[in-house]
Protein chains: 2
Amino acid sequence: MSDAPTRPRGRPARNDRPVGETREAILAAALDVFSRRGFEGASLRDIAAAAGLEHSLVRYHFTDKAGLWRAAMTHLIALMDAHMLEGWRTARTLPAVDRFAMMVTTYVRYCARHPEHARIMVHETMGDSDRVTWIAEHIIAPQHRNLSRMLETLMDQGHIPRSPVRPLIYILSAAAQAPFTLAGEVRAAYGVDTASEAEITAHTQALLGLVLR
Amino acid sequence: MSDAPTRPRGRPARNDRPVGETREAILAAALDVFSRRGFEGASLRDIAAAAGLEHSLVRYHFTDKAGLWRAAMTHLIALMDAHMLEGWRTARTLPAVDRFAMMVTTYVRYCARHPEHARIMVHETMGDSDRVTWIAEHIIAPQHRNLSRMLETLMDQGHIPRSPVRPLIYILSAAAQAPFTLAGEVRAAYGVDTASEAEITAHTQALLGLVLR
DNA sequence: TCCATTTTAGTCCGAATGGGCAATAATGCT
DNA sequence: AGCATTATTGCCCATTCGGACTAAAATGGA
């Protein structure tokens, strides 16, 4: 096995990627592949290939598959915070109902732009892996704290029927995510692209029309 | 329903499982594993082990991994039809609003008892595999046909705000499924078992209270 | 009784997986 | 200029995967 035209071992092709971008590219690819295949189903080689790299490079940057998963989740939280903050800036001065409507609108748009998010939640929320605990603590808890405060206010003001908060939170979040999480189903069943601007506003209208009346 | 003496043919399993049960056991295991790992992530060996068998036996009964998947889906549809039919029998004579409430109640209970269903939808509804097409045709289309008829009636009678039907369908289905699809998340974040009787009725109440008012 | 059929287990294979590791090119510090 | 660090590739490993194939055990029909 000696003779082959042994190509140089080291670091040959440094194509055009600016150095700092590699990590980011891997994280984006990881979110995509993890959301489509789940943790066990996702392969480091697929993720690397999606970013145009060799799989060992993923391990160099993130050590482990588990390490990559945690880094990708942290990245996802940052994306969500950045998106939601923008809506919050214009919403914070509004009266409670309009603030709620604004935040729902913002969240629906986030779901449309990052369907990976809800998909990963469904994937990882089973069994009793450490990943469920991590998600519950770092993503669910803060999110629900905000939402339940808003919902209590809306119930006090009589805009939505009084009801235990936790069921309501899950109803609203799932309703907001649905058409984007299931985008492939909608495409296959109706031939419609739910990520389009028209579909996003139609969905937002339907949801707000149902909840606030 | 096998009575004692007539053992069906074939080599007995090491664990002397009644022969007719093998297929059913594999299908149940397949639904469970497929829902937790997705199609690619699920291994025939895991499914076989969950049913207490060797992986070759799965291939004997269902030929292919794809064949097993289709058989499991057909089985799932039968389970759903059986469950929903029971609700429909008592609901069909009721006035539209109560019929709707009864069907929602029945569906929520189905989601609680078969969380695999919604999880599989999320898993398989991505990419453009043939499985998406199969699901859209065999599960989504008939389901939505029924639901949209009911919703149109409710809108005509002014019980829910007029709105395009498709967004509404996704809002309602996702809302009904959410706490059970995400059961692990709820357990990790709140320490609550959403499959319990109390949680099922609480969720049903919250959903109906939000939609019908 | 003997043989075809049915149902099970066991074995082997090529491909893919997560991980370990050495080689090497680029960069930056002194 | 020299050297440590960083970023990258290629290759190796044991394990597991889907699948193909074979062996065996039990039954029923001839």
What are the atom names and distances for every N/O pair under 3.5 Å that joins the protein to nucleotides 16-18 of chain C?
residue, atom, partner, partner atom, Å
dT17(C), OP1, Ser43(A), OG, 3.2
dG18(C), OP1, Ala42(A), O, 2.9
dG18(C), OP1, Leu44(A), N, 3.4
dG18(C), OP1, Lys65(A), NZ, 3.1
dG18(C), OP2, Leu44(A), N, 2.8
dG18(C), N7, Arg45(A), NH1, 2.6
dG18(C), O6, Arg45(A), NH2, 3.3

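A donor N or O paired with an acceptor N or O is not found under 3.5 Å between the base of dG19(D) and the side-chain atoms of Ser56(B).
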Please set out all donor-acceptor pairs under 3.5 angstrom arising from side-chain atoms of residues 99-108 of chain B, sequence neighbours excluded.
residue, atom, partner, partner atom, Å
Thr105(B), OG1, Ala101(B), O, 2.7
Thr106(B), OG1, Met102(B), O, 2.8
Tyr107(B), OH, Gln177(B), NE2, 2.8

Taking only distance into account, with no hydrogens and no angle test, what donor-acceptor pairs under 3.5 Å do side-chain atoms of residues 47-57 of chain A form with protein atoms, sequence neighbours excluded?
none

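To the nearest angstrom, P of dT24(C) lies 18 Å from OH of Tyr60(A). Rounding to whole angstrom units, CG of residue Leu57(B) and C1' of dT7(C) are separated by 7 Å. What separates CZ of Arg37(A) from P of dC17(D) is a distance of 16 Å, to the nearest Å. The separation between Glu54(B) atom CD and dA24(D) atom P is 16 Å, rounded to whole Å. Straight-line distance from the CD atom of Glu24(A) to the C1' atom of dA7(D): 17 Å, rounded to whole Å. Atom CZ of Phe62(B) is separated from atom C1' of dA20(D) by 19 Å (rounded to the nearest Å).
Every residue two or more places apart in sequence or in another chain that forms a ring-ring contact (aromatic ring centres under 6.0 Å, His included) with Trp134(B) is listed here: Trp69(B), His138(B). Partners of Arg59(A) by side-chain hydrogen bond (donor to acceptor under 3.5 Å, both in side chains), not counting sequence neighbours: none found.
Atom CD in Glu185(A) sits 9.0 Å away from atom CD1 in Ile139(B) (nearest 0.5 Å).
Applying the side chain to side chain donor-acceptor pair (under 3.5 Å) test to pairs two or more places apart or on separate chains, those with a residue in residues 188-208 of chain A are Arg109(A)-Glu197(A), Tyr190(A)-His144(B), Glu199(A)-Arg166(B).
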